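Since the model is a prediction, treat every value here as computed from it, not as a measurement.
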Amino acid sequence: MPAVPTARERARRELTADILAAARRQLATSGAAALSVRAVARELGLASSALYRYFATRDELLTALIVQAYDDVADAVEATVGPRRGASRRTRFTGACRAFRAWALEHPHEYALIHGSPVPGYRGDERTTAAGARVPLALLSVLAGMDAPADSPRLAPQVAEGAARVAAAGAGEVPPALIVTAAQCWTALLGLVSSELFGQLANTFDPADAFADATIEALADRLGL
C-alpha cells in the first residue's frame with residue numbers, strides 16, 4: 001500500500017501549492033521578468049527566509065511554474081489525443097490541437113510564460129525540457145505507424161539530424177519526413193495561438209474561432225490525416 005503522508009508532508013505540499021498560486025497571480029499582474037520571491041512571501045504573510053526553504057532562488061520558482069504550466073497543458077492534450085473507440089487519427093489530432101488552443105485561451109499568462117518572450121537571465125534545465133516535450137510528442141503519437149508520403153522530398157542533412165533527435169526523444173515509429181512535417185505543423189499551431197493571444201489577429205481574423213478551426217483542419221490535411 002502507498003505510504004500515507006505525514007502531517008508535515010501534507011503541510012509542505014499545501015504551502016508549496018499556495019506559493020505557486022501566489023506566483024501565478026504575480027505573473028498575471030507583473031509578468032515573469034518581474035517575478036519576486038520576496039513579493040510572493042509578502043502576499044502569503046511569510047518571511048522571505050521561510051519561502052526560501054521551498055524555493056531557494058527566483059529561478060527555482062520559475063522552473064516550478066514552467067513545469068507546472070507544461071504539465072497542465074500536456075494533461076489536457078493527452079486526454080484528447082489518446083486512442084478512443086471510433087476516433088480516427090484526424091479526430092484525435094484536431095481534437096488535441098483544439099485542446100491546446102483552449103488551454104492557452106483559458107491560461108494566457110501561463111501560455112506566455114512557456115511560449116512567450118524568454119525571461120532575461122533565466123535558463124531552463126532537464127525538467128523544463130522534458131515537460132515541454134510532452135505536447136509535441138503527444139501530437140506525434142497520432143502519426144505512429146503511418147508511412148511518409150511517397151513524394152516526400154529528400155531531407156537536407158541538418159533537417160535529417162533534427163528529425164533523428166526528435167525520434168530519439170520518444171517520437172516512436174514515425175518516419176523522418178513525417179516528423180519534419182509534424183514539426184512544421186507544431187510551429188504553425190504555436191504561431192496561430194500566439195498570434196491570437198498576443199493581439200496579432202486584431203482587425204483581421206478576430207474573433208479567431210473560425211480561422212483557428214480552418215487552420216487546424218489544414219494542418220491535418222498537410223499530415224495526410
Side-chain angles (χ1 to χ4, degrees), residues 20 23-33 35 62-82 87-119 122 124 127-143 162 166 169-171 174 178-225:
L20 292 174
R24 286 195 300 273
R25 289 192 292 272
Q26 192 176 124
L27 285 179
T29 57
S30 305
L35 182 66
L62 264 177
T63 294
L65 289 169
I66 290 168
V67 169
Q68 186 177 67
Y70 275 135
D71 283 344
D72 283 350
V73 65
D75 287 345
V77 169
E78 288 170 356
T80 306
V81 79
S88 66
R89 290 181 193 265
R90 185 184 185 95
T91 297
R92 290 162 54 203
F93 176 81
T94 57
C97 291
R98 291 186 175 96
F100 178 80
R101 174 176 175 259
W103 181 90
L105 295 179
E106 190 173 343
H107 303 87
H109 304 294
E110 287 86 348
Y111 178 88
L113 176 64
I114 57 178
H115 292 303
S117 299
V119 178
Y122 173 80
R127 292 169 293 176
T128 55
T129 300
R134 286 179 60 190
V135 168
L137 288 178
L139 294 172
L140 267 174
S141 71
V142 178
L143 310 180
V166 173
V174 182
L178 203 51
I179 288 176
V180 172
T181 302
Q184 292 166 342
C185 290
W186 167 238
T187 56
L189 179 62
L190 285 175
L192 166 69
V193 175
S194 295
S195 294
E196 181 177 7
L197 277 181
F198 302 148
Q200 300 302 313
L201 299 181
N203 301 317
T204 55
F205 298 104
D206 183 28
D209 291 344
F211 179 70
D213 279 341
T215 302
I216 290 168
E217 294 295 336
L219 296 179
D221 289 341
R222 185 173 182 187
L223 289 165
L225 298 174

What side-chain donor-acceptor pairs closer than 3.5 Å can you find for residues 62-70, not counting sequence neighbours?
residue, atom, partner, partner atom, Å
T63, OG1, D59, O, 2.9
T63, OG1, Y122, OH, 2.6
Q68, OE1, R24, NH1, 2.4

Atom pairs and distances, side-chain donor-acceptor, residues 201-211, under 3.5 Å, sequence neighbours left out:
residue, atom, partner, partner atom, Å
T204, OG1, L201, O, 2.7
D209, OD1, R101, NH2, 2.7

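Across all their heavy atoms, V174 and L140 have their closest contact at CG2-O, 3.9 Å. Closest of all the heavy-atom pairs between A99 and A76 is CB-O, 3.9 Å. Across all non-hydrogen atoms, the minimal contact from V81 to A138 is CG2-O, 3.4 Å. Of all the heavy atoms in V119 and A33, the pair that sits closest is CG1-CA, 4.0 Å. L137 and A169 get closest at one heavy-atom pair: CD1-O, 3.5 Å. When all heavy atoms of T80 and G95 are compared, the pair lying nearest together is CG2-C, 3.2 Å.
The salt bridge (charged side-chain N to carboxylate O under 4.0 Å, His left out) analysis of residues 181-195, with sequence neighbours excluded, yields no pairs. Within the structure, no pair that satisfies the salt bridge (charged side-chain N to carboxylate O under 4.0 Å, His left out) test touches residues 181-191, not counting sequence neighbours. Applying the side-chain hydrogen bond (donor to acceptor under 3.5 Å, both in side chains) test to every pair with at least one member in residues 179-189, sequence neighbours left out, gives these pairs: Q184-R222.
The side chain to side chain donor-acceptor pair (under 3.5 Å) check on S194 picks up Y111, with sequence neighbours excluded. Legend: residues meeting side-chain contact (heavy atoms from CB on, under 4.5 Å) with Q200, ordered by chain and number and at least two apart, are S195. With sequence neighbours excluded, no residue forms a salt bridge (Lys or Arg N to Asp or Glu O under 4.0 Å) with D72. With sequence neighbours left out, the side-chain contact (heavy atoms from CB on, under 4.5 Å) criterion links R90 to S88, T94, E217, A220, D221, L225. In this structure T129 satisfies the side-chain contact (heavy atoms from CB on, under 4.5 Å) test with no other residue, sequence neighbours excluded. Residues satisfying the side-chain contact (heavy atoms from CB on, under 4.5 Å) test with A74, not counting sequence neighbours, are E78, R134, V135. Applying the ring pair (Phe, Tyr, Trp, His ring centres under 6.0 Å) criterion to H107, with sequence neighbours excluded, gives W103.
Only one option out of L105, L192, L189, L139 pairs with F100 in a side-chain contact (heavy atoms from CB on, under 4.5 Å); it is L189.
Between the CG atom of L223 and the SG atom of C185 there is a distance of 4.0 Å, given to the nearest 0.5 Å.
With hydrogens and angles ignored, the 3.5 Å screen pairs no side-chain donor or acceptor of S30 with any backbone N or O of L27.
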